[in-house]
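Everything below concerns the one structure shown next.
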Amino acid sequence: MDDDRLTGVGRPIRSGQDIGQDGISGGHRPAIRVTAIILLLSPLLASCSGVQSALDPAGREASAVATLFFVMLIGGAVIWAGVVGLLFHAARKRRTYSEKGAGQLILWGGAVLPSVILAALLSYAVWLMPNVRPWFQAEDRGLRRVEVTGEQFWWRVRYLDDGGAVVFETANEVRVPTGKRVVFLLKSPDVIHSFWIPVLGGKMDMIPGRENRLTLQAEKPGTYRGVCAEFCGASHALMAFTVHAMEPEAYEDWYKARQASTGTRDAQGLELFLRHGCGACHGISGTEARGTIGPDLTAFGERGSVGAGTLANEKNQIARFLRDPDAVKPEARMPHFSMLPEAEIDRIAAYLKGLR
Ligand code: CUA
């Protein structure tokens, strides 16, 4: 390195080149600097994992997307490293290229290398996508079907039988068996939402007036997070859902238990719930509450959150939501119940929390 620097002495150079040279000289200092930068940036890698990361896939389509991402990243990094390497090479050696040499450099480094790499990446992506898409949009006969409707601002989830009839309804939570393809039928009654479970696959819009299909297959059991990926109003950012990928046997057990679920265990709680008119908007299997405007509350106690991923499903948080939903979730359509006595709000919250 020192030799290289010495060769430059005495040549007329611009001050800018001086600064550039000093910046890359000094023995081991650049190595320390690079190490320090990598160490400082390493916490960012933590964001590559988690319940909502497309880079930490738990499903078949998401794995293909993550692989594509990393292949693209490596391809891009090779081109970047090549260009930066050439820059340093030229700056250090103070090389002057002949017209022919410069032409060769531009031809190979600027045209051939990037073209070959980009063509390879494009071919890979083009090869990968048709392999994924038809598989996921294939005939859904014999596959489990779940209809998900984007509401403002929550998710209506209906499990369908083979004939397309609703077996039961729930909200803000999707359960799927691992190792099996599940077809999601995606709808919206009013505005466009986008259904996205990053760990399982790509997103799909929910468009009023049409039904979109998305087939996903979870590979790893776990609890993941899904989100709305299309701005849909004031509480768009508060519109999440939970995905439980379960072993097939556990899933079947849950599916059967869920069909037998009723809300009659706590008669006094149910009585208050009905007396204050909650049943006009919410349904609870086995009770007189048959409303369909708001989320179905059958087995509500087993859900992880209140208000579509907004609050933890705890008694005091349910009470807080009942008192003033709009304060928790702007423009939520549920009316507030702050006029009810605290004791009754608490009683209803306890009733809901106890629903299994
Ligand atoms: Cu629903 Cu954004």
Side-chain angles (χ1 to χ4, degrees), residues 51-52 146-158 168-175 186-198 206 223-244 258 261 263 269 272-273 276-285 289 291-340 342 344-356:
V51 295
Q52 197 191 311
V146 182
E147 180 190 285
V148 184
T149 308
E151 304 279 353
Q152 285 183 307
F153 298 89
W154 56 280
W155 310 84
R156 187 188 297 279
V157 180
R158 288 172 165 153
F168 60 82
E169 180 171 325
T170 181
N172 304 326
E173 190 181 270
V174 173
R175 291 185 186 240
L186 306 173
K187 297 176 169 181
S188 171
D190 38 39
V191 300
I192 300 176
H193 304 268
S194 181
F195 178 84
W196 190 25
I197 310 170
M206 308 168 114
T223 300
Y224 309 113
R225 192 167 186 270
V227 289
C228 180
E230 180 81 44
F231 181 74
C232 53
S235 284
H236 154 71
L238 300 173
M239 187 173 170
F241 60 101
T242 308
V243 182
H244 294 285
R258 185 59 181 65
S261 173
L272 275 175
F273 183 88
H276 291 302
C278 308
C281 292
H282 299 279
I284 299 176
S285 292
T292 56
I293 296 168
D296 187 281
L297 298 175
T298 310
F300 175 79
E302 71 177 21
R303 292 183 205 158
S305 71
V306 180
T310 310
L311 300 174
N313 191 356
E314 290 159 8
K315 204 187 96 182
N316 58 337
Q317 301 287 24
I318 301 171
R320 179 178 159 200
F321 196 82
L322 294 177
R323 254 180 250 122
D324 193 358
D326 199 64
V328 175
K329 214 166 159 162
E331 291 182 15
R333 288 184 173 167
M334 176 165 151
H336 70 90
F337 283 85
S338 53
M339 67 298 215
L340 297 189
E342 280 299 293
E344 297 199 357
I345 293 252
D346 285 347
R347 198 71 191 77
I348 294 172
Y351 168 68
L352 294 174
K353 177 67 189 156
L355 289 175
R356 289 280 184 267

Check whether any side-chain heavy atom of Arg323 sits under 4.5 Å from a side-chain heavy atom of Glu342, and report yes or no. yes

How long is the span from the CG atom in Leu297 to the SG atom in Cys278, to the nearest 0.5 Å? 8.5 Å

Nearest atoms (heavy-atom pairs only) where Gly301 meets Arg356: C-NH1, 2.6 Å

Please examine the side chains of Asp296 and Phe168, heavy atoms only from C-beta on, and report whether any two atoms are closer than 4.5 Å. no

When you measure from the side chain of Ser261 to the backbone N and O of Thr298, does any donor-acceptor pair fall under 3.5 Å? no

May I ask you to test the Gln152-His193 pair for a side-chain heavy-atom distance under 4.5 Å? yes

Checking Gln317 side chain against Ser305 main chain: does a donor-acceptor pair fall under 3.5 Å? no

Any non-hydrogen side-chain atom of Phe337 less than 4.5 Å from a side-chain atom of Glu344? no

Lys329 side chain to Thr310 main-chain N or O, any donor-acceptor pair under 3.5 Å? no

Determine yes or no for a side-chain-to-main-chain donor-acceptor pair under 3.5 angstrom, with Ser188 supplying the side chain and Val191 the backbone. yes

What one should report as the nearest heavy-atom pair of Ala308 and Phe153 is CB-O, 3.7 Å

Have a look at Phe300 and tell me which of Val306, Ile284, Thr170 forms a side chain to side chain contact (heavy atoms under 4.5 Å, CB included) with it. Val306

Heavy atoms only: give me the nearest Glu331-Asp326 pair and the separation to one decimal. N-OD1, 2.7 Å

Roughly how far, to the nearest 0.5 Å, is CG of Leu311 from CG of Asn316? 9.5 Å

Does a side-chain heavy-atom distance below 4.5 Å link Leu340 with Ile348? yes

ring-ring contact (aromatic ring centres under 6.0 Å, His included) with Phe241: which residues, sequence neighbours excluded? Trp155, Phe195

Using a strict threshold of under 4.0 Å (side-chain N to carboxylate O), is an ion pair present between Glu147 and Arg156? no

Side-chain donor or acceptor of Tyr224 paired with backbone N/O of Pro198 under 3.5 Å: no

If you measure from CG on Leu352 to CZ on Phe321, what distance do you get to the nearest 0.5 Å? 11.5 Å

If you take all heavy atoms of Ala171 and Pro295, which pair is closest and at what distance? CB-CB, 3.6 Å

So, for Pro330 and Ser235, which heavy atoms are closest and what is the spacing to 0.1 Å? O-OG, 2.6 Å

Please report the closest heavy-atom contact between Ala289 and His282, naming both atoms and the distance. CB-O, 3.5 Å

Checking Glu173 now: which residues fulfil side chain to side chain contact (heavy atoms under 4.5 Å, CB included) with it, not counting sequence neighbours? Arg175, Thr242, His244, Glu302, Arg303

Drop me the distance from Asp324's CG to His336's NE2, to the nearest 0.5 angstrom. 7.0 Å

Check for a donor-acceptor pair, side chain of Lys353 on one end and backbone N or O of Ile318 on the other, with a separation under 3.5 Å. no

Within-4.5 Å side-chain heavy-atom neighbours: Thr223 and Val51: no

